[in-house]
Colleague: 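I have a structure I would like to understand better, so I am pasting it below and will then ask my questions one at a time.
Numbering of ligands and ligand atoms starts at 1, following listing order. Predicted model only: the values in this text are computed from it and were never measured.
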Amino acid sequence: MKKYIAAIDQGTTSSRVIIFDNLGGMVSSHSKEFKQYFPKPGYVLHDANEIWESVKICFVKALKKAELTPDDITAIGITNQRETTVMWDKETSEPIYKAIVWQSSQTQAISNELIEKGYQDLFKKKTGLLINPYFSGTKIKWFFDNIKEANDLAKENRLAFGTIDSWLIWKLTNGKNHITDYSNASRTLIYNIHELKWDKELLEILNIPENILPDVVSSSGISAYTSKEVIGSKIPISGIAGDQQAALFGQTCFNQGDAKNTYGTGCFLLMNTGETPKLSENGLLTTIAWSIKDEVEYAIEGSIFVAGSAVQWLRDGLNIIEKAAESETLAKKTKSNLGVYFVPAFVGLGTPYWVEEARGSFFGITRGVTKNHIARATLEAIAYQTKDVINLMERETKIELKTLKVDGGASQNNFLMQFQSDILNNIIQRPMISETTALGACYLAGIGIGIWTKDDLVNMWKIDQEFKPSMKDDERKTLYRNWQRALRACVEFADKENY
Ligand code: ADP
């Protein structure tokens, strides 16, 4: 008998439900975009009810496409945009304001104040994160500072805080369960990732009452059941994880040193560091990867601001390609980069350089340079930046990269993947199922109901293509040294005085 798992992948711009079979194969999927609200500069908000409606529609339509009914679903896995903060009234299930999205910088002032008071180290040590508007903590404080109802309801013990996973589970269970998993809790800035509990000292600093917080449950294991009245069947919810952690799981990065890189607009790199959290001095984040039956594993995370968006710029800014994939065709027309290096610091340099004022720069242009070299330098830059972050991860964790699994739009670029493998001198594996986030939620849910073990998943996970390093050491070293020279020159050009 077939067993089906529904993975709910609630993202920043759209929601998606994918139905998987008992071999981890995709059966059907449906996605739906929802509205983004920008009421003031820097604000990014979502309507939590709209998100819930979009998830419900996706669930119904994905089932319909697969010709299944809710009773055919044996488990649900949830993965979600991380850090986005919802506050609702537990009695009415109505959000008291829109959800504040991770990207929203409306809590910059709150963050600055905390940093000025000297709290950076304390928060970093306890949560693995940096004080930054991204994370939920300052967003929760914003609610109490700005929305009177938050204070009134908290006093009456009626207020609930949740990240999107919590909110969806609240709705799926018809208000029965107020929970989140360890991976999502670890993105809130109020969760102690060492002691595995909401941190009283941090809550006090942010003035957050404890009675609004969800219970923290395992990422894998039955933590709740959906309500029959809500989605037509009582289904166990047995997998929950934030999107990047779910992708790490979906890429079967189960061992220390296994890493994944998502090549999207920017890059998101996560490396499994095993049972001990590794703290960074250079801006990497420490996070809970997942917990299976309360055994917690950690990851270290780094991001790159500009990756696929540099390819978009070739298309929309320079008009030298019509489609992102053409960057590969152009790059392959050249035998070398002809000495051209591009530092795509459109919005400054992030990990591990941290130079906000830096701007994109090309180096080494001679008369023979064509758009082919420009495209090539752009793709190479994505690989160099990835190497910089991985080098830092290896240095700070003292853990060597084992394999790099890849996903995201630009991972379809074979030139980029081969160059990445060459410059890292590591094997790179690209999976058949590129929806690794949803796949991770499905895997967690499957383990959670006991139909799979991690070993089963390793066997089920299929490679689309493997890229092996074939570059000579000398060439690798020369190229990377030149990239670092380009970086230094770019930093030198940064206008620190007039910024
Ligand atoms: P996001 O989730 O951040 O929107 P996606 O994973 O959908 O990103 O990937 C889209 C990004 O990948 C775009 O920035 C696009 O320019 C880039 N991209 C897509 N296909 C290719 C390709 N074949 N080669 C290089 N870049 C690509």
Colleague: Do Ile78 and Leu444 touch side chain to side chain, with heavy atoms closer than 4.5 Å?
Modeller: no

Colleague: Apply the side chain to side chain contact (heavy atoms under 4.5 Å, CB included) test between Tyr263 and each candidate in Asp407, Val311, Thr386; give the one that qualifies.
Modeller: Thr386

Colleague: Got the residues with a heavy atom under 4.0 Å of ligand 1, by chain and number?
Modeller: Gly264, Thr265, Gly308, Ser309, Val311, Gln312, Ala324, Ala325, Ser327, Gly408, Gly409, Ala410, Asn413

Colleague: Could you tell me whether Lys32 atom NZ has more than 12 heavy atoms of other residues or ligands within 6.0 Å of it?
Modeller: no

Colleague: Can you tell me which residue pairs pass the salt bridge (charged side-chain N to carboxylate O under 4.0 Å, His left out) test with a partner in residues 416-444, sequence neighbours excluded?
Modeller: Arg16-Glu435, Arg430-Asp464

Colleague: Do we get Lys171 above Trp88's six-membered ring, with its NZ or CZ under 6.0 Å from the centre and within 45° of the axis?
Modeller: no

Colleague: If you define the side chain from C-beta out and look only at heavy atoms, does anything of Tyr353 sit under 4.5 Å from Val343?
Modeller: no

